[in-house]
Amino acid sequence: MTLRLHDTLSGETRPLEPLEPGHVRIYSCGPTVYGPTHIGNFRSFLFADVLVRYLRYQGLRVTWVMNITDIDDRIIERANAAGETTAQLTDRWLAQFKSDFAAVRMTPPDVLPRATEHIDAMAELIAQLLESGNAYRTEDGSIFFRISSWPAYGRLARLDATQLRVGERVEADDYGKDDVRDFALWKGPKPGDPSWETGIGPGRPGWHIECSAMSMRHLGLSFDIHTGGIDLIFPHHEDEIAQSEAVTGQPFVRTWLHCDHLRLGGAKMARRVGNIARVADLLAEGTSPRALRYALISVNYRQALEYSEASIDAATAAIARLDALVAALEAYREGRADAEDLPDELSAARTRFEAAMDDDLNVSAALAALFDLVRELNRRIADRTLSSGDAVRALALLRELDTVLGILPDQAEDLPPGAAELLATRVAARAGRDWAASDRIRDELLALGIAVEDTRDGQRWRRLEAVR
RNA sequence: GGCGACGUGGUGAAGUGGUUCAACACGGAGGUCUGCAAAACCUCUAUUCACCGGUUCGAAUCCGGUCGUCGCCUCCA
């Protein structure tokens, strides 16, 4: 079975067949770095991350590109308001973004192209669109894409161009278009705005053209997968298709994947609504980054997902259950023959996990397979029916599946200062049946965030995930 | 006004015609184990899948309608 994905453009769920066999090229619409990236944005990035991880788990080569929008109206506004350059502002928020995505274990994209470093590529595309008659210039030096020149416009969003509600919000950004539906490729120079000198004249790029330019430069004129939030279908991705295909004459993207919204309080998480949560804030409040990741990826990307404290609490508990099993397997020692039926158990779990992921990234079902295995392994640990080698093999499978999910504890965890001594002292106290000392030290370790458990495999410890 | 998604237990959620059809996680109740704990395991926690009607031998799953929620219609992940 191979990975089947739901393509927005065709509306079909179909097998992924990379243009170049064995090599998948993916472009993800990334953040506009004018402020902190909220966890709704991160849901869409993490779904792409899981996709990339799963493809690599399957042995495929993946080239993953995520753009950084570092020039747009909001950036200019904020930089001017703060009395700094747009570069200073965007550098700062890009650093924050990188710090946030590392915290939630997002795989670093292979390329994080910045819009301002691809102005030339955008200008070239626009020049070709002018030449072909798909674009026109206005008096202030702006350049617009002429929608009437592109009959397929509206296919992705399933919008009938003649039915659009025109005239409600189009005045604000009016640069003298021929048709209100036309969108800006290039914005003519304005006092106080950053401006670039290019072959198509001075000014700055529109938003949509940057993704066409950067994706084609880094991935080719046609590539396999383009991801983004559901709210980017229109107009952003619709515009990308029009301007890209008008230039190249070939299909821009093979598979469009769109992630539904993260909600908070029943409404789409959005800055405009004011119901946003930020990664750094949540972590500062004591939320476990792994639990946050779990909460954001554990539901299929095409389902709307409600974020709440309860969802984080549930995720924290689920993570703790996995941590406990990992600690138990690491500590497990039993001199006995290998369990005959364990290999079948493990391979069945793997098969179920993969079948779920193959089904358009059904993470919920994949987690069900994982947790069924967790229960089975816990059972066998309690029964002492595993050999030491069995425990090693079981743990290896968990680690392998976790290359896709990214939710297990790190391999090498350092103890906080003093903890190693306390653990050793406690072992000695227990040997002398000094329960008072044993319990006191257990409390001290707990205060350090270390949970101690006494088992047949001896004293076992694990780091507690932060809880609010 | 146009287009689209969704509505499963206390909560999140899998399941899209019938072999446990109600996974899995969290939460709750009881029990086992343990110096005490913790962790773990076991049992229980939806005769039911928004509502109404239809198709079918058979539907959470297909069709029609009703109600409700959310989103998009050029700032939006």
Side-chain angles (χ1 to χ4, degrees), chain A residues 11 28-32 37-48 72-74 147 154 157-166 168-170 172-173 180-184 207-208 227-236 238-239 258-263 266-273 294-295 298-300 302-308 310-321 323-325 327-328 352 356 359 362-372 374-375 377-383 430 433 435-436 438-439 442-443 446 451-456 460 462:
Chain A
S28 296
C29 276
T32 300
T37 307
H38 61 70
I39 62 174
N41 301 321
F42 268 105
R43 186 194 184 196
S44 80
F45 304 150
L46 289 177
F47 118 73
D72 88 328
D73 293 348
R74 291 168 297 177
I147 293 207
R158 291 174 172 70
L159 284 176
D160 179 348
T162 63
Q163 292 290 99
L164 297 186
R165 260 183 147 172
V166 169
E168 293 192 0
R169 303 196 303 202
V170 293
D173 195 37
V180 288
R181 298 170 303 142
D182 291 345
F183 61 89
W207 176 39
H208 315 301
T227 78
I230 195 172
D231 48 2
L232 294 188
I233 293 174
F234 195 88
H236 186 53
E238 192 73 60
D239 293 351
H258 289 102
C259 179
D260 208 325
H261 292 307
L262 185 69
R263 291 188 211 161
K268 164 188 173 182
M269 183 174 287
R271 192 166 302 276
R272 204 185 349 179
V273 183
Y294 182 99
S298 58
V299 174
N300 175 262
R302 293 204 291 133
Q303 294 287 321
L305 174 62
E306 174 79 20
Y307 176 82
S308 66
S311 70
I312 285 294
D313 289 343
T316 304
I319 291 287
R321 180 169 165 78
D323 290 2
L325 175 62
R352 269 183 70 199
D359 181 18
N362 188 341
V363 179
S364 300
L367 284 169
L370 176 69
F371 278 101
D372 276 335
V374 168
R375 183 185 310 103
L377 291 173
N378 274 324
R379 206 179 272 151
R380 290 173 184 253
I381 289 168
D383 294 347
R430 293 184 61 74
R433 302 183 69 80
W435 306 129
S438 168
D439 293 353
R442 181 167 62 199
D443 289 342
L446 197 59
V452 178
E453 289 151 10
D454 302 306
T455 74
R456 281 185 61 175
R460 196 166 77 197
R462 66 192 160 87

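Within every chain, numbering begins at 1; the chains are lettered A, B, ... in the order of the sequence lines, protein sequences first and strands thereafter.
- At a cut-off of 3.5 angstrom, the base of B:G35 holds at least one donor-acceptor pair with the side chain of A:D439.
- If you check every strand for non-hydrogen atoms under 4.0 Å, A:A314 touches sugar and phosphate atoms only.
- Side-chain nitrogen and oxygen atoms of A:K268 include none within less than 4.0 Å of the OP1 or OP2 phosphate oxygen of B:A77.
- A:S438 comes within contact range of at least one nucleobase, with a heavy-atom separation under 4.0 Å.
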Taking N or O atoms only and anything under 3.5 Å, show me the protein contacts with nucleotides 37-41 of chain B, one pair per line.
{"residue": "B:A37", "atom": "N6", "partner": "A:D454", "partner atom": "O", "Å": "2.8"}
{"residue": "B:A37", "atom": "N1", "partner": "A:D454", "partner atom": "N", "Å": "3.0"}
{"residue": "B:A37", "atom": "N3", "partner": "A:R442", "partner atom": "NH1", "Å": "2.9"}
{"residue": "B:A38", "atom": "O2'", "partner": "A:E453", "partner atom": "OE2", "Å": "3.2"}
{"residue": "B:A39", "atom": "O4'", "partner": "A:E453", "partner atom": "OE2", "Å": "3.4"}
{"residue": "B:A40", "atom": "O3'", "partner": "A:N378", "partner atom": "ND2", "Å": "3.1"}
{"residue": "B:C41", "atom": "OP1", "partner": "A:R321", "partner atom": "NH2", "Å": "3.2"}
{"residue": "B:C41", "atom": "OP1", "partner": "A:N378", "partner atom": "ND2", "Å": "3.4"}
{"residue": "B:C41", "atom": "OP2", "partner": "A:R321", "partner atom": "NH1", "Å": "3.2"}

(request) For RNA chain B, just give me the dot-bracket, please: Watson-Crick or G-U, both distances below 3.5 Å, ( ) intra-strand, [ ] crossing earlier pairs, | paired with another strand, . unpaired. (result) ((((((((.[[[..)..(.....]]]((((((.......))))))....[[[[[..)....]]]]])))))))....
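- Residue-to-nucleotide contacts include a donor-acceptor pair under 3.5 Å from the side chain of A:R430 to the base of B:G35.
- Contact annotation for A:A318: backbone-only contact, meaning every heavy-atom pair under 4.0 Å involves sugar-phosphate atoms and none involves a base.
- At a threshold of 4.0 angstrom between heavy atoms, the contacts of A:N362 are confined to the sugar-phosphate backbone, with no base atom among them.
- Electrostatic pairing of A:R380 and A:D383 does not count as a salt bridge here, judged by no charged N lying under 4.0 Å from a carboxylate O.
- Of the possible polar contacts, one joining the A:S364 side chain to the A:S298 backbone as a donor-acceptor pair under 3.5 Å is found.
- Judged by distance alone, the side chain of A:R43 and the main-chain N or O of A:D260 form a donor-acceptor pair under 3.5 Å.
- As judged by a 4.0 angstrom heavy-atom cut-off over every strand, A:G40 is placed among the base-contacting residues.
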